[in-house]
Amino acid sequence: MADTMTGLKRTNYCGEVTAALEGKEVVVCGWVQRIRDKGMLVFIDLRDRSGIVQLAFDDTTEEALRQKAQSARSEFVLMAKGVVRRRESINKDMPNGDVEVAVSDLRILAKAATPPFEITEKTNVKEELRLKYRYLDLRRKEMQENIMMRHRIVKEARDYYDHTGFIEIETPTLIKSTPEGARDYLVPSRVQPGHFYALPQSPQQYKQLLMLSGYDRYMQVARCYRDEDLRADRQPEFTQIDVEMSFVDEQDVMGVAEGFLQQAFKNVLNIDLTTPFPILKYKDAMEQYGSDKPDIRFDLKIHNLTDVLKNTEFKMFAEAIAAGGSVRGIVAKDAADKLTRKEIDKLGDFVKTYRAKGLAYTRFTAEGVTSSFEKFLSPEEIAAMHTALGASTGDVLFVIADVKDKVVFDSLGALRNHLAQKLELTQPGTFAPLWVTEFPLFEYDEEENRYCAMHHPFTSPMLEDLEMMETDPAKCRARAYDIVLNGYELGGGSIRINDPEVQQRMFAALGLSPETVQERFGFLIDAFRYGAPPHGGMAFGLDRVVMLMLGKDNIKEVIAFPKVQNASELMTGAPGEVDQKNLDELFLKMDLKN
RNA sequence: GGCCCGGUAGUUCAGUUGGUUAGAACGCUAGCCUGUCACGCUAGAGGUCGUGGGUUCGAGCCCCAUCCGGGUCGCCA
């Protein structure tokens, strides 16, 4: 049987045992990181979330106690009492490597099986195994730092918004399903057969109603759910720092958000972010960076070559231009000696992922020019193109043409990021936040053959575009804004519609019948009849904020118990099957055919 | 649903053209060691090569199917 703690109380965390406590008696608790057994001398590195302290047993230690120490193994849980003393030889690599605890009482509180992987600060163990034994993975210093850093960032959020007059209000997570937008997670109702709750994709409608109720300046650390496929930066279950304010315009919301990021970066990372953040219109973001979440840490801007090449005889380009498409390119400065022919071919495959039909390139070296397409252009066209791109010796230029601007933007935008990574154009620890504004209000859904809300149906149109809601929806812009950091969408929001008439026009533009609107949003329409203040807000994706602040490229690293690509959790095995009895209670029948 | 990558000892990996008993490092077990700290030394255990089928005299290696994991496109108001 294991020892008990009887008679001992922890006095200090392991990492707190420093030279300042020399001569004092301490009691420490933790897990065995490592044992160095030299016979008459035994050293144990004891670890807790604060750090490591060395326990020492020597010829002055009672023999039975020393033997007990020798019986300990990795990850055993120990409690040790002893006097802090200077070491005979100092370990400069440890913060408290100049002291140790001369143990006089040792308790083995729990034995431990040999873990399936070593609990080390850094790891190269497969993620699958780490997630199956997540409770062991979370013992590692790296993970403990991530999780504790996440706590500090959440605390900064609560502090910041509290100090600036925000009230945290919890909203329900069993709510009514609204089939606009992402797929809902559904929860069957037992007491109302055939009816379902949905888990919230965001607290959107509740926070707007709170504005109507007068809780000016609301915030919530809110768990949200979307039943869509996972990515390195996307989990089906995630956390938002959700914010809504009344009697505000875009600048107010953006200013408050900038203040939060500024404070969090300062207090947590000691990094100064300059405000206000740059603002880029959606249209410019797409044209210059091929993305609505551009990484502006590096240049590699996209240039439009359509005019320059409008009379070209090169078929690939001419056909795209004739069909109303475009030809655009980017220049990788001084990359000619870094990109081999083989690597450029690979880039051609890369852009095909984004539906580009091909990647035209020119390698521009002192020895000469290698180009996949310039032989089809006139000398005047080549010169004009090079001028437009700002290309010179040593550069590699890439050109993509397509009937659809979206294909050109998507592929060049992705190529831009890919090249930046390959050519190491960014430095770790640099942060380039910006706002992207003036998003389109609508997006054409080719499957459903109608316009959908790009953001959500409560987003206000820009005042000057109001009339275009009916006449030219594609051109109608929204009072929406996204905050972007290093190529990631950190969050987004909008000024909402607070005029019931505009809201009706919005629903009409989306092709929703009055009956559908009444059924889905009736309570909201109704509420807005009773005095809705002008309001707006936004939400940060907390997981991404933490991920970027920690310099990670996978969101799982900053979530204690994340899900894997098929949306299961490897440790518990969720989701699981349930008993027939549970199904019967919920009036559910399985049909697993097809 | 599509594309790409991976799965060999507890872990990370190597494994030649298909050919003897599948190796290394770390970890683990036992013994020795009075100042270690990636301790050291000696000895040892540990493998259904993801799974199923096929080709072959012979498969970790070739073929087919399938499972698991990663990245990504679609998807993510």
Side-chain angles (χ1 to χ4, degrees), chain A residues 33-45 52-61 66 70 73-75 85-94 96-98 100 102 113-121 123-133 136 178-184 201-202 204-205 224-236 238 346 349-356 407 410-411 414 418 439-443 445-448 451-459 478 480 489 492 494 506 510 512 520 541 553-554 556 563-566 568 570:
Chain A
Q33 181 67 42
R34 185 165 254 123
I35 298 182
R36 290 177 294 278
D37 177 0
K38 297 189 59 72
M40 195 56 97
L41 265 176
V42 182
F43 301 100
I44 295 180
D45 287 341
I52 286 175
V53 68
Q54 174 169 284
L55 308 180
F57 306 81
D58 58 21
D59 55 351
T60 67
T61 310
R66 199 171 58 237
Q70 285 170 323
R73 293 290 177 269
S74 285
E75 301 306 315
R85 71 179 178 202
R86 296 261 172 196
R87 292 195 195 178
E88 285 187 22
S89 57
I90 290 170
N91 181 352
K92 291 200 179 67
D93 298 329
M94 259 174 97
N96 54 358
D98 53 342
E100 64 189 8
T114 303
F117 53 88
E118 284 182 78
I119 314 298
T120 53
E121 182 170 344
T123 192
N124 61 340
V125 174
K126 277 189 199 64
E127 193 180 64
E128 186 177 359
L129 196 67
R130 290 173 54 204
L131 291 176
K132 184 172 176 191
Y133 297 95
L136 297 179
T178 51
E180 292 281 307
R183 207 174 281 121
D184 279 329
Q201 297 176 27
S202 92
Q204 186 59 36
Q205 290 165 43
C224 303
Y225 306 84
R226 291 176 192 176
D227 187 5
E228 299 291 347
D229 286 353
L230 285 80
R231 287 288 187 281
D233 64 350
R234 243 164 55 191
Q235 284 272 309
F238 62 101
K346 265 194 182 167
D349 291 336
F350 175 80
V351 297
K352 281 178 186 155
T353 317
Y354 301 88
R355 262 167 260 319
V407 170
D410 285 354
S411 44
H418 190 71
F439 278 81
L441 186 63
F442 302 103
E443 209 173 19
D445 186 326
E446 304 204 346
E447 260 178 49
E448 295 196 28
Y451 282 100
C452 290
M454 187 156 181
H455 195 50
H456 56 60
F458 316 112
T459 301
E489 180 192 332
S494 63
M506 181 73 187
L510 292 171
L512 300 178
R520 287 184 196 168
D553 55 13
N554 196 306
K556 296 193 199 93
K563 292 179 175 56
V564 298
Q565 197 160 294
N566 66 5
S568 65
L570 293 179

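Numbered from 1 within each chain, the chains take letters A, B, ... in sequence-line order. The structure presented is a predicted model; accordingly, all values stated were derived computationally and were not measured.
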**Asked** Can a donor-acceptor pair be found between the side chains of R34(A) and Q54(A) at a distance below 3.5 Å?
**Response**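 Looking only at side-chain atoms, Q54(A) and R34(A) do not form any donor-acceptor pair under 3.5 Å.
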Provide the distance between the two [atom1] atoms, one in [N] and one in [M], to the nearest whole Å.
N      : M      : atom1 : value
A38(B) : G46(B) : C1'   : 23 Å
C73(B) : G53(B) : P     : 38 Å
G1(B)  : U12(B) : C1'   : 34 Å
A9(B)  : C28(B) : C1'   : 11 Å
U11(B) : G27(B) : C1'   : 7 Å
G58(B) : U66(B) : P     : 26 Å
C49(B) : G44(B) : C1'   : 24 Å
G10(B) : G47(B) : P     : 7 Å

**Prompt:** Taking only residues two or more places apart in sequence or in another chain, which ones pass side chain to side chain contact (heavy atoms under 4.5 Å, CB included) with L230(A)?
**Reply:**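 For L230(A) the side chain to side chain contact (heavy atoms under 4.5 Å, CB included) partners, ignoring immediate neighbours, are Q235(A), P236(A), K563(A), A567(A).
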**Request:** Using the test side chain to side chain contact (heavy atoms under 4.5 Å, CB included), find all partners of N566(A) that sit at least two apart in sequence or belong to another chain.
**Result:**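 Expected list: V564(A), S568(A).
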Could you check which nucleotide pairs with [N] in any of the strands shown, counting Watson-Crick or G-U wobble with both distances under 3.5 Å?
N      : value
G6(B)  : C68(B)
U20(B) : none
G46(B) : none
G60(B) : none
U34(B) : none
C76(B) : none
G27(B) : none

**Protein-to-nucleotide contact annotation, 5' to 3' order, nucleotides 68-76 of chain B [B base; S sugar-phosphate only; - none; under 4.0 Å, heavy atom]** = SSSBBBBBB
**Request:** Treat primed atoms plus P, OP1 and OP2 as sugar-phosphate and everything else as base, then score nucleotides 28-43 of chain B 5' to 3': B for base contact with protein heavy atoms under 4.0 Å, S for sugar-phosphate contact only, - for none.
**Result:** SSS--BBBBBSB----
[X]: side chain to side chain donor-acceptor pair (under 3.5 Å) partners, not counting sequence neighbours:
X       : value
D37(A)  : Q70(A)
E118(A) : none
T60(A)  : D58(A)

**Prompt:** Less than 4.0 Å between a side-chain N and a carboxylate O, is that true for D410(A) and R355(A)?
**Reply:**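 D410(A) and R355(A): not salt-bridged.
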**Pair R36(A) + D45(A), salt bridge at N-O below 4.0 Å** =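 Looking at R36(A) and D45(A), the cut-off is met.
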Among all residues two or more places apart in sequence or in another chain, which pass the salt bridge (Lys or Arg N to Asp or Glu O under 4.0 Å) test with [X]?
X       : answer
E127(A) : K556(A)
R87(A)  : none
E443(A) : none
D227(A) : none

Atom pairs, protein N/O to nucleotides 8-11 of chain B N/O, distance under 3.5 Å:
residue, atom, partner, partner atom, Å
G10(B), O2', P116(A), O, 2.6

